[in-house]
**Student:** 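Handing you a structure now.
The structure displayed is predicted, hence computed values, not measured ones. So you know, we letter chains A, B, ... as the sequences are listed, proteins then strands, and number each from 1.
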There are 2 protein chains.
Amino acid sequence: MTNLISIKSATLSEDIAQQLTSAIVQGHIPQGSKISEPELAKQYGVSRGPLREAIVKLEGLGLVTRTANVGARVIELNIQDMLDTFTMREALEGMAARLAAITMHANEVRSLYALLDKHQAYLDDNQDEHYVQQGGNDDFHLRIIHASGNAKLIRLLTEELYAVIRMYRRHTADQRSDPRQALREHRAILDAIANHEGDLAELLMRRHISRASQLLKQAMEQTALASH
Amino acid sequence: MTNLISIKSATLSEDIAQQLTSAIVQGHIPQGSKISEPELAKQYGVSRGPLREAIVKLEGLGLVTRTANVGARVIELNIQDMLDTFTMREALEGMAARLAAITMHANEVRSLYALLDKHQAYLDDNQDEHYVQQGGNDDFHLRIIHASGNAKLIRLLTEELYAVIRMYRRHTADQRSDPRQALREHRAILDAIANHEGDLAELLMRRHISRASQLLKQAMEQTALASH
DNA sequence: AAATCAAAAATTGTCGACAATCTAACTTGA
DNA sequence: TCAAGTTAGATTGTCGACAATTTTTGATTT
């Protein structure tokens with residue numbers, strides 16, 4: 001019972017791929033564990049064909065690693081890979097912010113300011129508890145990425161990279177992060193975009209993501225210590 | 001007879017994926033054409049199982065697009081997608097150059113200067129003919145990417161993005177490009193890296209790629225005009 | 001008791017066949 | 001003649017079974 005709501009996809013393979021992705025990101029299938037094809041096929045009630053296609057997709061997403069004649073394993077999160085991934089994110093989302101600053105229309109800017117106000121209100125009402133922006137339309141970063149207007153960039157970030165990024169976010173209790181600080185940074189980025197200052201928007205987005213990665217690093221060092 | 005040399009992979013699926021990638025990049029399978037599973041399976045002498053897995057991989061590489069119950073088609077190159085892809089490349093290779101400037105050792109720097117001298121000598125001997133650096137160890141860009149030391153970035157650029165990039169390079173007769181100019185730019189980038197000037201290295205790499213994309217754009221407009 | 005080798009079990013890779021869906025040709029009616 | 005509906009063909013999606021490889025188990029030797 002990994003997923004309560006299962007949206008029927010056009011094909012079993014896609015369906016399984018989504019369910020597996022979700023199961024791995026949420027930790028229902030633990031890090032480093034082996035993916036047994038017969039076991040999972042039975043569990044999801046499908047044959048090994050579509051399941052294997054799903055696994056190939058997950059390999060493309062970087063969620064599992066495969067070895068010929070041996071099988072697939074869920075990746076193991078570690079600090080170095082996280083830093084490497086976030087460095088890529090810096091480059092890509094920094095570029096997205098730059099592009100957004102060039103092309104974004106006034107009404108979209110207003111809509112994003114409204115979103116930040118909403119986040120602000122949430123923090124005021126809920127004692128600074130983290131606002132869960134689980135990839136929906138309320139995620140500031142996703143909004144910026146889409147505003148870039150670069151279809152390739154959007155696909156890469158949202159469909160290929162974000163699964164792993166969410167995994168890192170979820171698996172480390174980042175109580176260390178300061179939501180109000182993040183919100184201030186979001187606002188500064190949006191200000192730069194509103195003023196069409198591409199250089200500044202990129203710089204601020206990079207700094208923002210770099211900060212986040214440093215916090216995550218500390219959190220991971222902490223949990224690594226605790227689990228030891 | 002798409003490939004003269006076929007290196008035996010551990011699994012048929014991998015083998016087919018490589019052969020298909022090569023066939024698409026080199027244009028043996030034309031742009032926009034439909035991928036017929038029965039036909040290709042017969043052609044490569046395998047069953048549809050491994051072939052389908054290969055197609056799923058190619059979809060991850062962005063070489064084909066798939067629609068449920070309809071099948072896969074080879075992507076069609078167009079200017080907008082090219083510009084979008086090269087913008088991503090700017091961001092990522094720019095970052096790679098920055099990282100290389102930080103970490104690269106003196107002997108690797110020397111080795112790269114030697115490579116550029118070799119390119120120079122080639123141009124002198126061959127009337128400025130384009131040096132074919134087909135992804136091997138002689139490709140300046142690949143060397144910089146690897147020098148970044150960022151495993152995720154290396155994988156993304158070399159294993160996932162470069163197939164499409166090579167496709168763009170190959171399908172447009174870029175006689176317009178000036179090899180000596182490119183070489184000068186490479187040298188400037190390497191100078192910045194040698195001096196550990198990350199900011200400058202990133203800036204120059206971005207400019208270099210941006211220039212290349214503009215030249216490609218002009219070439220594509222030209223060929224589009226010619227084919228009309 | 002530890003290490004090496006051999007046999008058995010399990011898992012992955014591949015295949016051919018059937019079911020579901022789409023595409024194209026044909027018929028029918030206005 | 002054209003449009004819509006229907007049927008035939010082809011293609012994709014899925015399944016179960018077999019072959020190839022790996023992993024585990026157990027026996028044998030030092």
**Student:** Report the nucleotide, chosen from dC22(C), dA17(C), dG13(C), that has the shortest atom-to-atom distance to any side-chain atom of N69(B).
**Tutor:**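 In terms of side-chain proximity for N69(B), the closest of dC22(C), dA17(C), dG13(C) is dC22(C).
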**Student:** Rounding to an integer number of Å, can you tell me how far E53(B) CD sits from dG13(C) C1'?
**Tutor:**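 Rounding to the nearest Å, CD of E53(B) and C1' of dG13(C) are 8 Å apart.
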**Student:** Within a 6.0 Å radius of atom CZ on R207(B), are there more than 12 heavy atoms belonging to other residues, nucleotides or ligands?
**Tutor:**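 No - once you tally the heavy atoms of other residues, nucleotides and ligands closer than 6.0 Å, there are 12 at most.
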**Student:** Going by an N to O cut-off under 4.0 Å, is there a salt bridge joining K57(A) and E53(A)?
**Tutor:**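 The answer is no: the pair does not qualify as a salt bridge.
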**Student:** For the side chain of S47(A), counting heavy atoms from C-beta on, which of dT23(D), dT12(D), dG16(D) is nearest?
**Tutor:**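 The answer is dG16(D), which lies nearest to the side chain.
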**Student:** Which comes earlier along DNA chain D counting from the 5' end, the contact point of A72(B) or that of G49(A), where each point is its nearest nucleotide?
**Tutor:**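 Result: A72(B).
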**Student:** If I take atom CD in residue E37(B) and atom P in nucleotide dT21(C), what distance separates them, rounded to the nearest angstrom?
**Tutor:**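 Distance, rounded to whole Å: 16 Å.
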**Student:** State which of dC15(D), dT14(C), dG13(D) makes the closest approach to the side chain of P50(A).
**Tutor:**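 Looking only at side-chain atoms, P50(A) lies closest to dC15(D).
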**Student:** Nearest whole Å is fine: how far is dG13(D) C1' from Y44(A) OH?
**Tutor:**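 Going from OH in Y44(A) over to C1' in dG13(D) covers 20 Å.
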**Student:** Just to be sure I understand the rule, does I55(B) reach a base, reach only the sugar-phosphate, or reach nothing, if contact means heavy atoms closer than 4.0 Å?
**Tutor:**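 The answer is nothing, as I55(B) stays clear of every strand by at least 4.0 Å.
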**Student:** Rounding to a whole Å, what distance do you find between E14(B):CD and dT12(C):P?
**Tutor:**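 Computing the E14(B):CD to dT12(C):P distance gives 15 Å.
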**Student:** Any idea which of dG13(D), dT14(D), dG13(C) is nearest the L12(A) side chain?
**Tutor:**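 Ranking dG13(D), dT14(D), dG13(C) by closest atom to the L12(A) side chain puts dT14(D) first.
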**Student:** Could you state the atom-to-atom distance from NZ of K34(B) to C1' of dA24(C) in whole Å?
**Tutor:**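 Rounded to the whole Å, the gap is 14 Å.
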**Student:** At their closest point, which heavy atom of I165(B) faces which heavy atom of F86(B), and how far apart are they?
**Tutor:**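 Smallest heavy-atom distance, with atoms named: CG2-CZ, 4.3 Å.
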**Student:** Return no unless some side-chain N or O of K42(A) is found under 4.0 Å from OP1 or OP2 of dC15(D).
**Tutor:**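 For dC15(D), OP1/OP2 do not have a side-chain N/O of K42(A) under 4.0 Å.
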**Student:** At less than 4.0 Å, is any side-chain N or O atom of T11(A) found next to OP1 or OP2 of dT14(D)? Yes or no.
**Tutor:**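 Yes, because at least one side-chain N or O of T11(A) sits under 4.0 Å from OP1 or OP2 of dT14(D).
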**Student:** I need the CZ-C1' distance between R48(B) and dC15(D), as an integer number of Å.
**Tutor:**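 Between C1' of dC15(D) and CZ of R48(B): 12 Å.
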**Student:** From CG of L51(A) over to P of dT11(C), roughly how many Å is that when rounded to an integer?
**Tutor:**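 One finds 13 Å between P of dT11(C) and CG of L51(A), rounded.
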**Student:** Could you state the atom-to-atom distance from CZ of R66(A) to P of dT22(D) in whole Å?
**Tutor:**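 R66(A) atom CZ is separated from dT22(D) atom P by 15 Å.
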**Student:** Taking only side-chain nitrogens and oxygens of R52(A), does any of them come within less than 4.0 Å of OP1 or OP2 of dG13(C)?
**Tutor:**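 Checking dG13(C) against R52(A), a side-chain N or O does come within under 4.0 Å of OP1 or OP2.
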**Student:** Please say whether the positively charged group of R166(A), taken as NZ for Lys or CZ for Arg, lies over the ring of Y162(A), i.e. under 6.0 angstrom from the six-membered ring centre and within 45 degrees of the axis.
**Tutor:**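 Judged by the rule, R166(A) and Y162(A) form no cation-pi pair.
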**Student:** Are any of the side-chain nitrogens in E202(B) or R206(A) under 4.0 Å away from the carboxylate oxygens of its partner?
**Tutor:**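 Yes, E202(B) and R206(A) are salt-bridged.
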